[in-house]
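This report concerns only the one structure given below.
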2 protein chains.
Amino acid sequence: MANRDPQQAFGEVVRQLRLKRGISQEALADEAGLHRTYISLLERGLRNPSLTVIQQLATALGVRPAQMIAEFDALCSKRAK
Amino acid sequence: MANRDPQQAFGEVVRQLRLKRGISQEALADEAGLHRTYISLLERGLRNPSLTVIQQLATALGVRPAQMIAEFDALCSKRAK
DNA sequence: CTGTGACTTACAGTCCGTG
DNA sequence: ACACGGACTGTAAGTCACA
C-alpha cells in the first residue's frame with residue numbers, strides 16, 4: 001500500500017496541466033522562472049520539487065497550488081492500490 | 001502583490017495542525033519520520049520543504065496534502081494583500 | 001519541550017552540450 | 001520541441017550540543 005514514486009505522479013500532473021495549456025516545456029520554464037531542462041526532469045519524475053517551486057509552477061500553469069496537489073494526490077492514491 | 005514569505009506561512013499551517021492534534025514537535029517528528037529540530041525550523045519558516053516532506057507531514061498530521069496546501073494557500077493570499 | 005547555530009551530506013536547480 | 005548526459009552551484013535534509 002505504500003505510495004509508488006510520488007514525484008513521478010507529480011511529474012505527470014505538471015505535464016498534463018502543461019499540455020492542457022498547449023505550451024512547451026521551454027515556455028513553461030520561462031513563465032515559472034525555472035530552467036528548460038529542469039521541467040524535463042520534473043515531468044519524468046526525476047526531481048523532488050520544493051514548496052516554492054510548486055508555487056511557481058502552479059502560478060505559471062494558471063492553477064492554485066492546492067489544485068495541483070489535489071490532482072497529484074489523486075494520482076498517488078490511484079497507484080498506491 | 002508578491003507573496004510574502006511562503007515558507008513562513010507553511011510553518012504556521014504545520015504548527016496549527018500540530019497543536020490542533022495536541023502533540024509535541026517531537027511526537028510529530030517521530031510520526032513523520034523526521035527530526036525534532038527540523039520540525040522546529042519548519043514551523044518558524046526557516047526551511048523550504050520538498051514535496052516528499054510535505055507528504056510525510058500531512059500523513060503524520062492526519063490530513064491530505066491538498067488540504068494542507070489549501071490552508072497554506074489561504075494564509076499566503078491573506079498576507080499577499 | 002522548544003529555539004538556535006554550526007555542521008556535513010544529498011540532491012535541487014542551472015547551464016553547457018548531444019541526438 | 002524534447003530526452004538525456006556531465007559538471008557545477010546553491011540549498012534542503014538531517015544531526016548535534018547547548019540555551
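Lettering of chains follows the sequences in order, A, B, ..., and the numbering in each one begins at 1. All heavy atoms count here, side chains included; hydrogens, waters and symmetry mates do not.
To the nearest angstrom, C1' of C:dC1 lies 13 Å from CG of B:L28. Straight-line distance from the CG atom of A:L51 to the C1' atom of C:dA12: 14 Å, rounded to whole Å. Separating the CG atom of B:L46 from the C1' atom of D:dG14 is a distance of 15 Å, rounded to the nearest angstrom. Separating the CG atom of A:L42 from the C1' atom of D:dA3 is a distance of 14 Å, rounded to the nearest angstrom. Computed from coordinates, the B:I54 CD1 to D:dA12 P distance equals 12 Å when rounded to whole Å.
With a 3.5 Å ceiling on both atom-pair distances, C:dC1 lacks any Watson-Crick or G-U wobble partner.
Taking the side chain as every heavy atom from C-beta outward, A:L28 and A:V14 approach each other to under 4.5 Å. By the 4.5 Å heavy-atom criterion applied to side chains, B:C76 and B:F10 are not counted as neighbours. Contact annotation: the side chain of A:E71 never approaches that of A:V63 to less than 4.5 Å [non-hydrogen atoms, C-beta and beyond]. Side-chain contact between B:E31 and B:Q56 is absent, with no heavy-atom pair separated by less than 4.5 Å.
Between A:N48 and B:I39, the residue anchored closer to the 5' end of DNA chain C is B:I39, taking for each the nucleotide with the nearest heavy atom.
Phosphate contact (OP1/OP2 of C:dG3, side-chain N/O of B:R15, threshold under 4.0 Å): present. Considering only side-chain N and O atoms, B:S40 lies nowhere under 4.0 angstrom from the phosphate OP1 or OP2 of C:dT2.
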Heavy atoms under 4.0 Å is the rule here; annotate nucleotides 14-19 of chain C 5' to 3' with B where the base is hit, S where only the sugar-phosphate is, and - elsewhere. BBBB--
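Here B:L46 sits in one hydrophobic cluster together with B:L41; the rule is ILVMFWY side chains under 4.5 Å apart, joined directly or through other members.
Rounding to the nearest 0.5 Å places CD of A:Q16 at 11.0 Å from CE of A:M68.
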Under the side chain to side chain contact (heavy atoms under 4.5 Å, CB included) rule, what do A:L57 and A:L17 come out as? Steps first, then yes or no, please. CA-CA 10 Å; A:L57 243 21; A:L17 287 173; over 6 Å; no
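In this structure, B:R18 contributes its side chain and B:L61 its backbone to no donor-acceptor pair below 3.5 Å.
Across residues 18-25 of chain B, not one residue has a non-hydrogen atom less than 4.0 Å from an atom of DNA chain D.
At a cut-off of 3.5 Å, with distance as the only test, no side-chain donor of A:R36 or A:S40 sits close to an acceptor on the other residue.
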